[in-house]
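Quick notes on the structure that follows.
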2 protein chains.
Amino acid sequence: MKPIQVGLLGAGVVAGGVVQVLQRNRAEIQRRAGRGIEVAAVAARDVAKARATLGSEVVLTDDFDALVRRPDIDVVVEVIGGTTRARELVLAAIAAGKPVVTANKALLAVHGTEIFAAARERGVAVGFEAAVAGGIPIIKALREGLTANRINWIAGIINGTTNFILSEMRSKGLDFGTVLKEAQRLGYAETDPTFDIEGIDAAHKATIMSAIAFGTPVQFEHAYIEGITKLQAADIRYAEQLGYRIKLLGITKRREDAQGIELRVHPTLIPGTRLIANVEGAMNAVVVQGDAVGSTLYYGKGAGAEPTASAVVADLVDVTRLITADPDHRVPHLAFHPDAVAATPILPIEQVVTAFYLRLQVADKAGVLANITRILADHAISIDAVLQRESAEGESQTDLIILTHDTLEGKMNAALAQMQALPTVLAPIVRIRKEELS
Amino acid sequence: MKPIQVGLLGAGVVAGGVVQVLQRNRAEIQRRAGRGIEVAAVAARDVAKARATLGSEVVLTDDFDALVRRPDIDVVVEVIGGTTRARELVLAAIAAGKPVVTANKALLAVHGTEIFAAARERGVAVGFEAAVAGGIPIIKALREGLTANRINWIAGIINGTTNFILSEMRSKGLDFGTVLKEAQRLGYAETDPTFDIEGIDAAHKATIMSAIAFGTPVQFEHAYIEGITKLQAADIRYAEQLGYRIKLLGITKRREDAQGIELRVHPTLIPGTRLIANVEGAMNAVVVQGDAVGSTLYYGKGAGAEPTASAVVADLVDVTRLITADPDHRVPHLAFHPDAVAATPILPIEQVVTAFYLRLQVADKAGVLANITRILADHAISIDAVLQRESAEGESQTDLIILTHDTLEGKMNAALAQMQALPTVLAPIVRIRKEELS
């Protein structure tokens, strides 16, 4: 049988990985897929540069639009990134009746509803395993492996840059700015790291997992997003003394009581004994809690040329199998059949329930703790633990750390405003959310 | 569309889980599968007892043979266990043209080649996600998610009973016999725990993963199997001092240099910083090393009614999709297409390469260490670390711990025989294999 012909859009790092893996493991992949998979042509903005990156065996073109329409192309792989040109080309490929494989989380988080609808109408598949957690087959696990479960929540370290920074801040006791510079020097962070450190990249991925887990449309616009730029080394240290690690988590959770879904990215305290708390450096890990299976965890490299290519090629093999099979019996793009998608709303952050870590810089006077705990009690927020740093001789202020039990964020905001107004609270209160992940 | 009709063979704990999950998550599963899935009838040896376990809504029969042939049954689920009756019934179902889903690792490890050949001939699918690591979708990850990779090795904690025992031995400093009794009392170990503690259950699962990873037939008869019954608390303690944990691992590894495959189950030292070293209690975890993706890890419950049912029902959803689709384009049972299966041999244990932990009870005399290290050097076995317990005042013997670098097991056996013959070695030498899993 004639090998599947791939049209590759983009000639960057991931494209190089795809070409490399398909060449090196050609025999192995054919033994599994039952059919060969070949890159027919690569579209690149700078053909000369692409030639240098991808080698002499690859056929190159600078006409992206022509490539997605070429009749001999069986499937289009989009690895150019961005949401404008990528959207046009993916929709053009679908319109031409071609299945698409993409590693583009931003594209799907923002334009997923439009793209999946177009694909469904045209009867073609869109693979996006590489869009979340790189080489970890988390989309397949959620969509197929855990299909028997009612998913309760997902929590993931889904951005390697920020996990590298947090790991370094903890192990070396350094502050955010210093570690960011080091990460940029080592290539773990971009020159403009905004998408990573502000949590936007993680929110794209959390948005996609949320839709798959709960059978809802992709709703990036309702995600709550808080990055790691304001995290201080002192809080990482205190958290550790209390038995916790701080990780940037993407979290999505079914909230029966509020008939909605939580979708949020923010720094989070998690117990140090949890496996995911021990995921260090640029690695990714996702915990999925299903009602039948309990908690399962998936761990691996979340980025890089070959880990991403691993996911792209897995999708290509799935597409190879699907091309001759019955479209009605495919795995639905977002796990649930499109006519069974639910309208459950994403909850605003004020309705989200978490525990909290609070650090207050307070005057070292009698009655300070009583005033603060009174405010918490007034808002029905109960306290899990209190840690007060012993003040040095002659020092007039100290740090007060409070761990609370679960509460509504809205209540905590009200309590924080009152605490902040106390004359004995001397600096802005630091507030980090805490999850037990049990 | 008419719901898929399931014939369930067996009415034990897992059968109960399958009935429960299909009932409770009926709507959720149908939204994903695009079609309902119903248990049409359950075959049980003791119908009255099954009625009590499974409730009044289930149709029961004691005629297993009739159930697998009933024309209205679309798919047969085998959860009776064992390798005799289960084999007959699975083959009968296949002969009747029915897809089969089984949780039976022993059956597939021993009779897999026969069963998959029969299924292929008849054009039906056999699902067995539940046979390895319970609810963790590791078969799907290996067969589909990592399909782009040349798999280098797999190492897994794939038996919850033994991991529970090892976790308790370590955390409480107790010996094997004491913890086994506790595990039996808590229901973590069977009354006859042989299959678990001797490593047989883990070897069944490692055998299945080995075949899928390397595209070879299932070869349980060539697996090297060593359980945990001889492990002593002292060695767990020493390992910890050296920064290691001892886990019962199922390991399978491609060995280019020996044109073969390692397939083995034995207690293993692994660095305490590895994520898998921190998998405690009855949990399972599998690390897969692929050439493109690097190391990925999959963690969750490896046993229990609902975790196992989670995997069984995921297979039922896959079968539901397959029933109307083209058999030639299915995912191959063992990941590789049957005509592409390789004949790579499983290596005998003497040709296996690992590092070693050795504990020698030695006379506290000059020259003892020199004699021992001389023997290792003669066999070209190099030493990674030596730890010698300081002997107490007046004591004439001490413990000598040696960590070696990687070596052939055959060489180590020869060196051990010579060391054991030294008059200064006072007791049988303890030898535990060590893996860096890096």
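Excluded from the calculations below are hydrogen atoms, water molecules and symmetry mates; all remaining heavy atoms, backbone and side chain alike, are included. Reminder, nothing fancy here: chain letters follow the sequence lines and each chain counts from 1.
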Please determine which of Arg321(A), Lys140(A), Arg32(A) meets the salt bridge (Lys or Arg N to Asp or Glu O under 4.0 Å) test together with Glu144(B). Lys140(A)

Side chain, backbone, both or neither: which part of Glu28(B) has a non-hydrogen atom closer than 4.5 Å to chain A? both

Please name the pair of heavy atoms, one in Leu146(B) and one in Gly135(A), separated by the smallest distance, quoted to 0.1 Å. CD2-O, 4.1 Å

Here the gap from Tyr298(A) atom OH to Ile136(B) atom CD1, rounded to the nearest 0.5 Å, amounts to 7.5 Å

Please give me the minimum heavy-atom distance between Gly145(A) and Ala314(B), naming the atom from each residue. O-CB, 3.5 Å

Give a yes or no on whether Lys253(A) atom NZ has more than 12 heavy-atom contacts from other residues, nucleotides or ligands under 6.0 Å away. yes

For Ala292(A) and Val21(B), which heavy atoms make the closest approach, and how far apart are they? CB-CG2, 3.8 Å

Above 12 or not: heavy atoms from other molecules or residues under 6.0 Å from CD of Glu38(B)? yes

Top of Ile151(B), Leu22(B), Ile29(B) for chain A proximity - count of heavy-atom pairs under 4.5 angstrom: Ile29(B)

Just so I understand: if I count every heavy-atom pair under 4.5 Å between each of Gln30(B), Glu129(B), Gln20(B), Glu306(B) and chain A, which residue has the most? Glu306(B)

Against chain B, residues from residues 270-285 of chain A with at least one heavy atom under 4.5 Å, in numeric order, are Leu275(A), Asn278(A), Val279(A), Met283(A)

Heaviest contributor of heavy-atom pairs below 4.5 Å to chain B, chosen from Gly300(A), Ala148(A), Gly290(A), is Ala148(A)

Tell me if the CD atom of Glu436(B) is crowded by more than 12 foreign heavy atoms within 6.0 Å. yes

Is Asp315(B) close to chain A through its backbone or its side chain, or both, or neither, when contacts mean heavy atoms under 4.5 Å? neither

Consider side-chain contact (heavy atoms from CB on, under 4.5 Å). Of Thr296(A), Thr147(A), Asn149(A), Asp291(A), which one does Ser310(B) pass it with? Asn149(A)

In terms of heavy-atom pairs under 4.5 Å with chain B, the winner among Ile37(A), Leu316(A), Val313(A) is Val313(A)

Would you mind telling me which of Pro307(B), Gly304(B), Ala27(B) has the largest number of heavy-atom pairs within less than 4.5 Å of chain A? Pro307(B)

Is the number of heavy atoms from other residues, nucleotides or ligands within 6.0 Å of CZ (Phe164(B)) greater than 12? yes

